[in-house]
Number of protein chains: 2
Amino acid sequence: MLWRSIHDRLHEEIATGHYKPGEKLPTETELACRFGVNRHTVRHAITELRDHGIVYSRRGSGIFVATKPMTYKIGRKTRFSKNLVHAQQAPTLRFLRLETRHADKIELENLALGRTAEVHVVEGIGLSNNIPITHFTSIFPAAPLDGFIEALESAGSISTALAACNILDYERLRTEITAVLATPETAIHLACQVGDPLLRTRSLNQSNNVPIEFGTSLFSAKHIAFVVDEDSSA
Amino acid sequence: MLWRSIHDRLHEEIATGHYKPGEKLPTETELACRFGVNRHTVRHAITELRDHGIVYSRRGSGIFVATKPMTYKIGRKTRFSKNLVHAQQAPTLRFLRLETRHADKIELENLALGRTAEVHVVEGIGLSNNIPITHFTSIFPAAPLDGFIEALESAGSISTALAACNILDYERLRTEITAVLATPETAIHLACQVGDPLLRTRSLNQSNNVPIEFGTSLFSAKHIAFVVDEDSSA
DNA sequence: CCTTATTTGTACGTATGTATC
DNA sequence: TGATACATACGTACAAATAAG
C-alpha cells in the first residue's frame with residue numbers, strides 16, 4: 001500500500017492548491033526520487049489520480065493537474081455556503097430531516113439550555129457541483145427560533161433561515177475535528193466507499209454570546225481539505 | 001457496521017471532553033434510545049471501547065469513562081509541547097531522522113527560499129504518556145539556523161532548539177487538515193492498525209513574517225481530536 | 001524536416017507477502 | 001501442511017509521443 005500514501009499525498013497537495021490547475025507535476029522519475037520508491041509505484045498512484053479525474057497525462061509531455069482545489073476554511077466566519085473555496089457552482093443543501101424535539105444531555109450542555117428545552121433538528125446533505133460534500137446534523141434552540149423549520153424549508157439555506165428569525169449574524173466559537181471511517185450509511189450519503197477516511201467536525205456557533213447552533217458534520221476527505229488560516233480568520 | 005458509528009461517536013464525545021474522566025455514561029438503554037438502535041448494538045460499541053481501555057463497566061452500577069481526553073489545539077500559538085490538553089506527563093519527542101539537504105519545489109515555495117537553498121529535515125515521533133501521538137516531518141530553512149540539528153539533538157525540543165538559534169518566538173500561519181488511512185509503515189510508528197483513520201496536518205510557522213518551519217504530521221485519530229478555538233487563538 | 005533528449009506507456013521478469021483452498 | 005492465486009514493489013528495457021534545437 002505504499003502507492004496509496006503517495007496517492008494521498010499528491011491528492012492533498014493538489015486539493016490544497018500547492019499544485020495548481022493546469023500545472024505540470026514533477027516527472028514520474030522525479031516523484032519516484034522524492035518519495036524514495038520505484039517509478040512503477042508512482043505510476044500506480046498516478047493511475048488512481050487519473051481514474052478519479054484529478055490529473056491527466058500526456059505521453060512525452062507530462063502529468064497535469066485537472067481539478068480545482070477544494071478547501072474548506074475554518075474560522076470565525078465559517079459558513080457552508082461561503083467557505084468552499086473555488087467551487088464552480090454555488091453549494092446547495094438537501095434536507096433529510098427537519099423536526100423539533102427535546103434536547104439530550106450533550107445538546108443541553110453545548111447550547112446552555114434548561115433541562116426541558118426543545119431543539120430544532122436539521123439533518124441534510126451539502127452539495128457542491130452536484131457532488132455530496134458533507135452530511136450534517138445541526139441542533140438549534142427552539143425557543144428563540146420560532147418558525148425556523150418553515151423558514152428553512154422555503155429558504156434552503158441556514159443563514160437566511162436564521163435571518164428570518166432575526167439572527168442576522170453569528171460567529172463560529174469552537175470547532176472540533178476528528179477522523180473516522182465511512183460506515184455503509186454514510187457511504188450512501190457521501191457517495192464514497194465503506195472504510196474511506198472522513199473528517200468529522202463538531203462545532204458551536206453563537207450570536208451575541210448566546211449559543212445558536214451546535215452541529216456535527218461529516219466531510220469526505222476525498223473531496224475536502226480543511227484550512228485553518230490565522231490571517232483571514234480574524 | 002452501525003455499532004461502529006456509535007462507537008466512534010461515543011469515543012469522540014469522550015475524547016473531546018463531553019464525557020469527562022470518571023463520569024458515568026448514560027445507561028445502555030438510554031444510549032440505545034438516543035441512537036435509535038437495539039441495546040445489543042450499543043453493547044457492541046461499548047465492548048469495543050472497553051477493549052481499548054476507553055471506558056470500564058461495573059455490573060449494577062454503570063459505564064464510566066476511563067481515559068483522559070487528548071485534544072490538540074490549533075491556533076496561532078500551536079506547539080506540540082503545550083497544545084496537548086490533559087496530558088498526564090510532559091510530551092516528548094523521539095527523532096528518527098536529522099539531516100540537511102537541498103529543498104524540493106514545495107518546500108522552496110512554502111519557505112519562500114531561493115532555488116538552491118538547503119533545509120534541515122527533522123522526522124520523528126511525538127509521545128505523550130509514553131504512547132505515540134504523532135509522526136511528523138518538519139522542514140526548516142538551513143541558512144538562518146546554523147547549528148540547529150546539533151541544538152535539537154541536545155535539547156530534544158523544537159522550541160528550545162529554535163531559541164538556541166535566536167528564534168525566540170514564532171506563530172502558526174496556516175494549518176491544512178486532511179484525513180487518511182494508516183499504511184503499514186505509519187501503523188508501526190503510531191502503534192495502530194492498518195486502515196485506522198488518521199488526521200494529517202500540513203502547517204506553516206513564521207517568525208517576524210519569515211517562514212521558519214514547514215511541517216507535515218500524522219496523528220492517530222484514536223488518541224487525538226483537534227480543536228480550533230476562536231477564543232484562545234487570538 | 002530532422003535529430004536528440006525527455007517523458008509517458010507498455011512489456012517483460014523477479015521477489016515478497018497474504019489470502020484461500 | 002502444501003499448493004495456488006493474487007496484489008504489491010522493484011528492476012530493466014524499449015516503444016511512442018512530445019518538445020526543443
Side-chain angles (χ1 to χ4, degrees), chain A residues 1-69 179 181-184 187 192-198 220-222, chain B residues 1 3-4 48 51-52 96-97 99 101-109 114-116 121 123 125 132 135-137 178-198 200 216 218 220-222:
Chain A
M1 302 285 278
L2 237 181
W3 65 270
R4 180 117 279 261
S5 62
I6 293 170
H7 165 273
D8 289 346
R9 191 77 155 241
L10 290 174
H11 183 251
E12 180 193 331
E13 287 171 359
I14 291 167
T16 52
H18 288 117
Y19 291 120
K20 291 169 188 60
E23 193 177 333
K24 186 176 174 301
L25 290 189
T27 67
E28 292 174 351
T29 327
E30 283 169 344
L31 288 172
C33 175
R34 171 187 162 190
F35 292 112
V37 299
N38 189 275
R39 188 184 144 219
H40 290 296
T41 311
V42 168
R43 282 187 62 75
H44 196 159
I46 295 287
T47 303
E48 190 81 358
L49 287 172
R50 191 177 42 217
D51 290 349
H52 285 79
I54 312 290
V55 302
Y56 59 92
S57 49
R58 282 209 307 256
R59 168 158 25 170
S61 179
I63 301 159
F64 302 85
V65 179
T67 59
K68 301 204 172 183
L181 303 181
T183 61
C192 63
Q193 301 295 311
V194 174
D196 278 358
L198 306 177
S220 165
K222 283 228 162 101
Chain B
M1 299 280 281
W3 66 271
R4 181 120 278 270
E48 189 81 0
D51 289 349
H52 286 79
L96 301 175
R97 185 160 51 114
E99 65 180 35
R101 61 157 168 77
H102 286 284
D104 74 14
K105 194 209 149 203
I106 291 183
E107 292 160 5
L108 291 175
E109 195 175 298
R115 58 170 37 245
T116 58
V121 180
E123 182 186 352
I125 310 288
H135 176 205
F136 65 91
T137 303
T178 55
V180 296
L181 303 181
T183 60
E185 196 210 338
T186 57
I188 294 171
H189 286 135
L190 295 180
C192 63
Q193 300 296 309
V194 173
D196 278 358
L198 306 176
R200 181 160 65 218
T216 303
L218 281 168
S220 166
K222 282 227 164 102

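Numbered from 1 within each chain, the chains take letters A, B, ... in sequence-line order. Small disclaimer: the values here were computed from a predicted structure and weren't measured.
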For residues 27-34 of chain A, which side-chain N or O atoms pair as donor and acceptor with protein atoms under 3.5 Å away, sequence neighbours left out?
{"residue": "T27(A)", "atom": "OG1", "partner": "E30(A)", "partner atom": "N", "Å": "3.2"}
{"residue": "E28(A)", "atom": "OE1", "partner": "R39(A)", "partner atom": "NE", "Å": "2.6"}
{"residue": "E28(A)", "atom": "OE1", "partner": "R39(A)", "partner atom": "NH2", "Å": "2.9"}
{"residue": "E28(A)", "atom": "OE1", "partner": "R43(A)", "partner atom": "NH1", "Å": "3.4"}
{"residue": "E28(A)", "atom": "OE2", "partner": "R43(A)", "partner atom": "NH1", "Å": "2.7"}
{"residue": "E30(A)", "atom": "OE1", "partner": "T27(A)", "partner atom": "N", "Å": "3.0"}
{"residue": "R34(A)", "atom": "NH1", "partner": "E13(A)", "partner atom": "OE1", "Å": "3.2"}
{"residue": "R34(A)", "atom": "NH2", "partner": "E13(A)", "partner atom": "OE2", "Å": "2.6"}

At a cut-off of 3.5 Å, list every protein nitrogen or oxygen paired with a nitrogen or oxygen from nucleotides 14-17 of chain D, distance to 0.1 Å.
{"residue": "dA16(D)", "atom": "O4'", "partner": "R59(A)", "partner atom": "NH1", "Å": "2.8"}

Below 3.5 Å between N/O atoms, which protein atoms pair up with nucleotides 11-20 of chain C? Just atom names and distances, please.
{"residue": "dA11(C)", "atom": "N6", "partner": "H40(A)", "partner atom": "NE2", "Å": "3.1"}

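Shown here are the side chain to side chain donor-acceptor pair (under 3.5 Å) partners of T216(B), two or more places apart in sequence or in another chain: there are none. The side chain to side chain donor-acceptor pair (under 3.5 Å) test applied to D196(B) returns K222(B), not counting sequence neighbours. With sequence neighbours left out, the side-chain contact (heavy atoms from CB on, under 4.5 Å) criterion links S61(A) to R58(A), F64(A). For the salt bridge (Lys or Arg N to Asp or Glu O under 4.0 Å) test, residues two or more places apart in sequence or in another chain that qualify with E12(A) are R200(B), R202(B). With sequence neighbours excluded, the residues forming a salt bridge (Lys or Arg N to Asp or Glu O under 4.0 Å) with E23(A) are K105(B), listed by chain and number. When the side-chain contact (heavy atoms from CB on, under 4.5 Å) test is applied to A45(A), the partners found at least two apart in sequence or on another chain are I6(A), H7(A).
Here dG11(D) presents its P atom at 18 Å from NE2 of H44(A), a figure rounded to the nearest Å. Separating the CE atom of M1(A) from the C1' atom of dT8(D) is a distance of 10 Å, rounded to the nearest angstrom. The CG atom of L31(A) sits 11 Å away from the P atom of dT7(C) (whole-angstrom rounding). For the pair R43(A) CZ and dC10(D) C1', the interatomic distance rounds to 15 Å; values are reported in whole Å. Spacing between atom CG of N38(A) and atom P of dG11(D) amounts to 5 Å, rounded to whole angstrom units. For the pair E48(A) CD and dA7(D) C1', the computed distance is 14 Å after rounding to whole Å. Between the P atom of dT10(C) and the CD atom of E28(A) lies a distance of 11 Å, rounded to the nearest Å. When the C1' atom of dA9(D) is taken as reference, atom CD1 of I6(A) falls 10 Å away, rounded to whole Å.
Note on I63(A): only backbone sugar-phosphate atoms sit closer than 4.0 angstrom, heavy atoms only; bases stay farther off. Within 4.0 Å (heavy atoms only), R50(A) reaches sugar-phosphate atoms of the nucleic acid but no base atom.
Nearest approach of L198(A) to C192(A), heavy atoms of both residues: CD2-SG, 4.3 Å. Summarising the geometry of L190(B) relative to H135(B), their closest heavy-atom pair is CD2-N, 3.7 Å, with the distance given to 0.1 Å.
Residue R58(A) places no side-chain N or O under 4.0 Å from the OP1 or OP2 atom of dT7(C). Neither OP1 nor OP2 of dT6(C) sits under 4.0 Å from any side-chain N or O of T27(A).
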